[in-house]
Each structure stands twice: as C-alpha cells, then as structure tokens.
There are 4 protein chains.
Amino acid sequence: MNPRSKSKSPLKERIREAVHGEILSAAERVFGASGLGAAKMEEIATAAGVSVGTLYNHFADREALLTALLDTRRAELLDMLDDVVEQMKSEPFPAQLGRFIGTTVEHLGQHRPLFAMLIEEELHSGRGRLRGKPALRELTARCQRLVEQGLKQGALRKQDAAVYPALLMGFIRGVFAQAMHEDTLRLSPELVQAMVRTFLEGAGARA
Amino acid sequence: MNPRSKSKSPLKERIREAVHGEILSAAERVFGASGLGAAKMEEIATAAGVSVGTLYNHFADREALLTALLDTRRAELLDMLDDVVEQMKSEPFPAQLGRFIGTTVEHLGQHRPLFAMLIEEELHSGRGRLRGKPALRELTARCQRLVEQGLKQGALRKQDAAVYPALLMGFIRGVFAQAMHEDTLRLSPELVQAMVRTFLEGAGARA
Amino acid sequence: MNPRSKSKSPLKERIREAVHGEILSAAERVFGASGLGAAKMEEIATAAGVSVGTLYNHFADREALLTALLDTRRAELLDMLDDVVEQMKSEPFPAQLGRFIGTTVEHLGQHRPLFAMLIEEELHSGRGRLRGKPALRELTARCQRLVEQGLKQGALRKQDAAVYPALLMGFIRGVFAQAMHEDTLRLSPELVQAMVRTFLEGAGARA
Amino acid sequence: MNPRSKSKSPLKERIREAVHGEILSAAERVFGASGLGAAKMEEIATAAGVSVGTLYNHFADREALLTALLDTRRAELLDMLDDVVEQMKSEPFPAQLGRFIGTTVEHLGQHRPLFAMLIEEELHSGRGRLRGKPALRELTARCQRLVEQGLKQGALRKQDAAVYPALLMGFIRGVFAQAMHEDTLRLSPELVQAMVRTFLEGAGARA
DNA sequence: CATGAATGAGTCTTCATTCAT
DNA sequence: AATGAATGAAGACTCATTCAT
C-alpha cells in the first residue's frame, strides 16, 4: 500500500521471473545457433517475444546476458551431476561411470544449443572479461574425481590415468560433435553403454 | 596484348607468392587467437606486415581469405595423413593407429592456432556460406576408414564399431582441449602411446 | 455528473499539491546537478520518491516538467524582486541597487541548483520549443529599469548607460560562476556591498 | 618506397591535417549551436563534409573530439592572451586592462559558438571525466594576475580586490550573454572602452 | 601493386513514454 | 492515482570494403 514499500506484488514478481527465464531461454537458442559472437540482441529479443529494451531491463548489457546464461546453465549441469555422483558413491565403478556419462549426455542432449555454446566458451576463455572457469573445464574436473574413484576401487589401470579425464571428456566431445550434424547418431542409452564399454575394455578384439 | 602482360616476371611472381603465404600465416595466427568471428582485417594486415588494401589485392574479401586459409590448412593436414596411411596399408592395425594419431597430433601441435579454428569451423558449418565439408569431419572420415581397416584385420571388435570414429576423434579433441590451457600436457609420443593403448585395451583393470 | 466528481476532496487535493511540489523540487535538484539535457526522468522520480509514472500523471512530458519548473522559479524570483523594487521606489539609488543585488543574490543563493539551470536555459533559448523569455533576460530587463531609475535620479552617468544592464547582470553572473566552484566566496552582505561599491565608484584608485 | 617506411607522403599528411581541422571547426559550430550534450556525431560529420566513420578515424570517440576541441580552443585563446599581456608588462594599467578585455572580446567575437561552449564546459566541469581546468576558470586566473598588476601599480583599490577577478570576468560574461541574442550590442572598441571605463571609474555620477 | 583514409551499413545501448495492474 | 516493466526510436560506435594517390 505504501508507495515506498518494496514488497512487490507477487503476481508482477512472477511475471518478471517468467520473462527473465524466457529471455535466457531465447538467448540460449540464439547464442547456440548463431554463435557467441554473432548472435544479435535484436534476434534474441524477437526470439523471446519481447523488445530490445526489455533485454536491457533484465541484463545490463550483452556481456551480462551471456554471462548469466552460461553461469545458469553451468550451475544446472554441474549441480545435477554432483547430485548423481553423490548418490552413488558406494556403487561399483562401471555403474558410476555409466551414470555419469548417461546424465551428462542426457542433459546436454536436452539442451541442444548448449553444447556449442560451451565449446565456444572454452575456446574464448582467456579472451575478454575473465569469467569463472568454463563449464567444460569444470566438467573435466568432475571426470578427474570420477577417475580417482575408479583408481581407488582398483577398477582403472594406473598407467595412463593422467590422461583419462581428458580422454573421457573426449568421448563426450566426440559424440556430441558427431550428433551435431549426423541424425543417425541417437543419444541413446545404448550409445552410453558403448561409450562405457569402449572406455573400460577398449575397442581391440580380445586375443 | 603485350606478350609480357601474361608471362609475369618470375621475380614478381615469387614475391607475390611470398606475400600470399605471409598473409595466410598471419591470418592463421589472428583467426586462431581472436576467433573466426572476432578477428579483424586490420589486425591481420598488421600481423602480416602489409596494409589492409593488400589483403584485398590477394583475397576477394574476408570470407575468401578465411576460406582459402581453411582450405589450405585442411588440404595440408589431410594430404599428409593420406600419405602416411597409404604408406602403411599392410602394417598391423596398432601400428597404423599409432601413426595416424601421432601424425595428427604432431601436425596440429605444430600449427597451434589451427585447432581452435577447426573447432569453430565445425561449430559454424551450416551457418553462412556453404563451404566444403569441415576439416574435422574429413578427419573423422579418415578415422572411419581406419576403423574399417581394423575391422577387416580383425583387430577391432565389431560390437560398437559404429561409434569408434567419433570416439577416436574424441580422444584427439579431448587431448587438444586439455593442451589448450594446461601446460602439463605435453603432446609427446608417450601421450600418443597412451591414447592408442587406452583405445585398444581400455582403461579398465584386467580381471 | 456526480457532484463529487468536480469538487475533489480537499485532502486529496492537498496531497496532490504536495506531490506536485515535491516533484518540482526534485526536478530542480536533478536538472541543476545533471544539466538540462542529461537529467533523466527516472532520476527525478527517484529523487522525488515517486515512480516515473507519477511524473507523467503530473506533467505531460519531460519538456512540460522542465517548463513548469523554470516558469515557477522564474515567477518566484521576479515576483519577489518586483515587490522589493516597488517598496523602495522613493529611496536613493544606491540603496535600491543594494537591495536589488542583495535580493537576487540571496534568492539564487538559497536555490543553488537554480542558477546553473538558468544559465543553460539562456544558452539553449532559441533551440527547441519556444518558451517564454528566459529568466535571465527578464532579470536583465529589471536591471534595465533599475538603471533607468538611476539615470532619472541623476545617480548614474549617461555615457555608457546602454551597457549598464548587461554589466550589472555580469556582476551577478561572475559572482555565481565563482561561487559555483570556490568555497571561499561567501554570498554575504559584504559581497553585495562590494558589488554595489565597485559598480558605482569603480575599482580604480581615486586620484 | 619501403612499405614499412613510416615517412608518410607529405601530401597525404597535409590532407589529413586539413580534414582534422575541418572536423574540429565543424564540431565547434555544431557543439556551439546544439549544446555540448545535444550535438550529434552525424550532424558534425555532415557539417564537416565527411562521414561518421571519418570522425572516428581522427578522434577515439565523442568525448575525445569534444576534449580535443576545447583543449585546442582554450590553448589558442590563452596563448594569444598571454602573449598580449607579456608585451605590455610595462604599460600603465588602464591600457593593459583595455588590451586584455579587447583581445578577449575580439577573439571570442571571432569564434562565436565558442563562448556558449565555454559556459557549458564550466557548468559541467565536475561531471563526467575530469578534464583540465575549464577555459573560463583559466581566464579568471588571468584576470587575477591582471588585478595583481593593477594593485602593484597602485591603479586599483585594495578594498574589494578579492572579488575584482570575478567581477571583471562578469563584465565579459554579461556582454557576451547580451550579444548572444541582441543584435544591437556590437562587440566594438567603443564597447571595450565602456567596459574599461565603467570598471575603473564606476557607473555612478561624480559628486 | 601497395597504401591507408574515407565510407556507411550494421549493432549495441539509452531513455522518454506508455499502459496494464 | 500510483506503479514500474515494456517499448522502440534515436544516437554512438565498429569494421569490412573501396579507391585515389
């Protein structure tokens, strides 16, 4: 009632949140499709069904919008992953590995444009404003911990363990790069199984 | 009309070639460092030690310069790789695989800025003018042939063979992504050996 | 139709007046501090403790607010001055001059941000919508009448009388310009005395 | 001849200088006419007979152009004034004063749009980027020195000397403010004489 | 041919104004 | 009548491309 009151109407507040989310979602689509550098604010506005001005009512500038988007999506991915990992601390390593890859593939598969964005983020990290560690590097850090689990359980060979995180991430990178332009590659549970099997047992025919 | 108008002085011709190469080289550095979208013509000119105008005397426009650069580098990489593969058609698969990965890692390691460019090329293929198949997709095609060799030799398991090319490329992607920001990861022969071993035998401890 | 529809509740009316005045006051501060061109409606709203919308409920647009503000302040200044002048028609000229300068200095000193606004108003008069004669020009007209009084009384020399109004205003301009950035210059009665003395007797040492 | 040679063609260099000057001149006209805040880069470009891009080839941004303009004009005015003052160190004070005011009036009269700019500069100094001391404050400092000369020569009364600089500048301000909208006021030598006379002897009729 | 200043279309960003609640 | 999010026209700035010297 008091004009100076800061208690905004819950309705207005909810609408604002909805618009905020819609903008982030549109930004994800446009940044993903056009590239981090080429995406235009007007495109994003149109995709979100709002005017340019509204973009700037929610984010200080293009940079801030991009940062907010990447931060949000990174947090969503990593939080989900950390939850999954936490829940299966005591399971055998192959199951852990399957769930880890499966969750990641599932999530990125759901947010299609995201993967391209994360690759670009990684590529350009170092240029421009210094944001937090790129999502893919964080993801690699999770692979690292997983590998350590595997070593502790005696499920992984020690010999090349130093490169395992990079190679594991490589599997994910390779699969998504393929999926990006090939419709044959389904991001299915079978694919995840193949990744796990190949990582653990190798592609070589047994003697 | 003048007979000299066609047969250019060999000296001038050689100079022209040198400038051409210098521009491509500068473009590689700048595109690699700044990104395909952010690199500026002026930057490239400065890096090449020429003026912007000269860039346009050698290439129709920015697009043409970028295309020429990517085409040149792609051809260099693939030609070299095809030669190597040709030379060892009859060797055992593990040796073939080692040479394939080794050659690729070596070449890309030599042309550092190139890898980032190829990733971006792959990301943006589909956008803008339709260039030839991106280098990384060609590279994947080579992996495919290699895998077929391995299958024919009975050196690879048939079960997940459909994904092997993507996974093999994934190993290379993963290693370079890591090398991009980590000084610990040396692109050494040992690394190549680890990649081959892990790909063929897996990371899992033998029962 | 409803009898109350015309005769508004006196309370609401009083509130409305209060808000109106608060907005004008905030506008004075913000326009004065930021400049006539740079002041933002949002700033003014915040300074007045209302929302932008409310600004537009009281004034048609930015221009109207600014005009109302300038008109109000001009009227206040000129009315007060005219009263003072009226009251001392019969006093000797030096006293008249002192009261005139004193009143002006006092009033402008009280409304600090106002002087900057008036200077800008004068500068930009001619641009944009044609407002009434700028306050400073009205003030100069008052100087003119005063000078005429002085001439009639034989208190002023005729020789340069045509420039006296401009020079008198110049004294005021000079003093406020100085006061704007110098804390040493107090807008005191002594200062007014110095202005009167210098204007009438000159700064030169008597022979 | 050497492409890396930094010795630009003198012709090109001269053209560049000409364009540079033309831009400054156009900027002076447009900033003066529209105001420091309202002047548009496109207007300036058009007034200078060049494109917007060219403006940015010569000045980093709007701010830099404005700063360069003010710095240039301030330097021109002050240098000229300092020269004049230097040349007449030994003359009697009234002559010095006449030359000082005369030179200032003459110069500002020549560069009509400049005065409005200087007033705005003074008004806004304190806001935005901190430039050097505003030209009018520098000019006041020159008045200060002149007054000190007058005191030393015994040509000025000590009593109100502290305000003399502000009052002297006030005369100039008043005259230009008047001249800005009144065609009757000629910036003539007679006007300067009237200013000197009034400042030294006052406007009051001698007893 | 090389040069580099000029060009102007394309983007980002701001802010007065509107209007549904 | 007050609110403040949405709007979009306007203006600053960038950079690929052209062309006179």
Side-chain angles (χ1 to χ4, degrees), chain A residues 1-5 8-9 11-13 15-16 19-20 37-45 48-63 65, chain B residues 8 12 15-16 19 38-46 49-63 65, chain C residues 8 12 15-16 19 38-46 49-63 65, chain D residues 1-5 8-9 11-13 15-16 19-20 38-45 48-65:
Chain A
M1 305 306 169
N2 185 326
R4 278 170 194 71
S5 141
K8 319 182 183 211
S9 142
L11 175 58
K12 289 259 183 101
E13 188 58 21
I15 291 178
R16 186 174 171 78
V19 172
H20 195 92
K40 291 175 249 175
M41 292 301 272
E42 176 132 27
E43 267 188 286
I44 296 173
V50 300
S51 70
V52 239
T54 298
L55 258 38
Y56 288 89
N57 284 340
H58 288 259
F59 302 93
D61 54 19
R62 191 181 185 280
E63 173 89 9
L65 169 55
Chain B
K8 315 181 183 197
K12 291 225 175 155
I15 289 179
R16 186 173 172 80
V19 173
K40 296 176 226 168
M41 294 298 272
E42 173 101 39
E43 269 188 285
I44 296 172
T46 302
V50 301
S51 68
V52 258
T54 298
L55 256 39
Y56 286 86
N57 284 336
H58 286 257
F59 302 92
D61 55 20
R62 189 181 190 277
E63 175 85 10
L65 169 54
Chain C
K8 316 181 182 195
K12 292 224 175 157
I15 289 178
R16 186 173 172 79
V19 173
K40 295 177 225 168
M41 294 299 273
E42 174 102 38
E43 270 188 284
I44 296 172
T46 302
V50 300
S51 68
V52 259
T54 298
L55 258 38
Y56 287 86
N57 284 336
H58 286 257
F59 302 93
D61 55 21
R62 188 182 190 278
E63 175 85 10
L65 169 54
Chain D
M1 306 305 171
N2 184 325
R4 276 172 195 74
S5 141
K8 322 183 179 203
S9 144
L11 175 58
K12 289 258 182 101
E13 188 57 21
I15 290 178
R16 187 175 172 76
V19 172
H20 195 92
K40 291 174 248 174
M41 292 301 271
E42 176 132 26
E43 267 188 285
I44 297 173
V50 300
S51 68
V52 236
T54 298
L55 258 36
Y56 289 89
N57 284 340
H58 287 259
F59 302 93
D61 54 20
R62 191 181 185 281
E63 172 90 10
L65 169 54

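Naming convention: chains lettered A, B, ... in sequence-line order (proteins, then strands); numbering from 1 in each chain.
Atoms CD1 and NZ, from B:Ile15 and B:Lys12 in turn, are 8.0 Å apart once rounded to the nearest 0.5 Å. A distance of 7.5 Å separates CG of C:Asp61 from CE of C:Met41, quoted to the nearest 0.5 Å. Rounding to the nearest 0.5 Å places CG of D:Leu65 at 8.5 Å from CZ of D:Arg62. Distance check, rounded to the nearest 0.5 Å: NE2 of A:His20 to OG1 of A:Thr54 gives 13.0 Å.
In this structure, the CD1 atom of C:Ile44 is 14 Å from the C1' atom of E:dT17, given to the nearest Å. Protein atom CD of C:Glu43 is 9 Å distant from nucleotide atom P of E:dC15, rounded to whole Å. Going from atom CZ of B:Phe59 over to atom P of F:dT17 covers 13 Å, rounded to whole Å. Following rounding to the nearest Å, A:Lys12 (NZ) and E:dC19 (P) show an atom-to-atom distance of 15 Å. Residue D:Ile15 contributes atom CD1, which lies 17 Å from atom P of F:dC19 at whole-angstrom precision. For A:Glu13 and E:dT21, the CD to P distance is 17 Å, given to the nearest whole Å. The separation between A:Leu55 atom CG and E:dT11 atom P is 15 Å, rounded to whole Å.
Nucleotide F:dA1: unpaired (no Watson-Crick or G-U wobble partner with both distances less than 3.5 Å). Under the Watson-Crick and G-U wobble criteria, each requiring two contacts below 3.5 Å, nucleotide F:dA12 is paired to E:dT11.
The two residues A:Ser51 and A:Ala45 come nearest to each other via the heavy atoms C-CB, 3.8 Å. Here the shortest heavy-atom pairing between B:His58 and B:Val19 reads NE2-CG1, 3.5 Å.
Residue C:His58 has no polar side-chain atom (N or O) positioned under 4.0 Å from OP1 or OP2 of F:dA1.
When distances run from any side-chain atom of A:Val50 to the nucleotides E:dA5, F:dT7, F:dA5, the shortest one goes to F:dT7.
The shortest side-chain heavy-atom distance between B:Asn57 and B:Val50 does not fall under the 4.5 Å cut-off.
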Point to revise | Contact letters for nucleotides 8-15 of chain F, in which S counts primed atoms plus P, OP1 and OP2 and B counts the base, heavy atoms under 4.0 Å | key: B--SSBBS
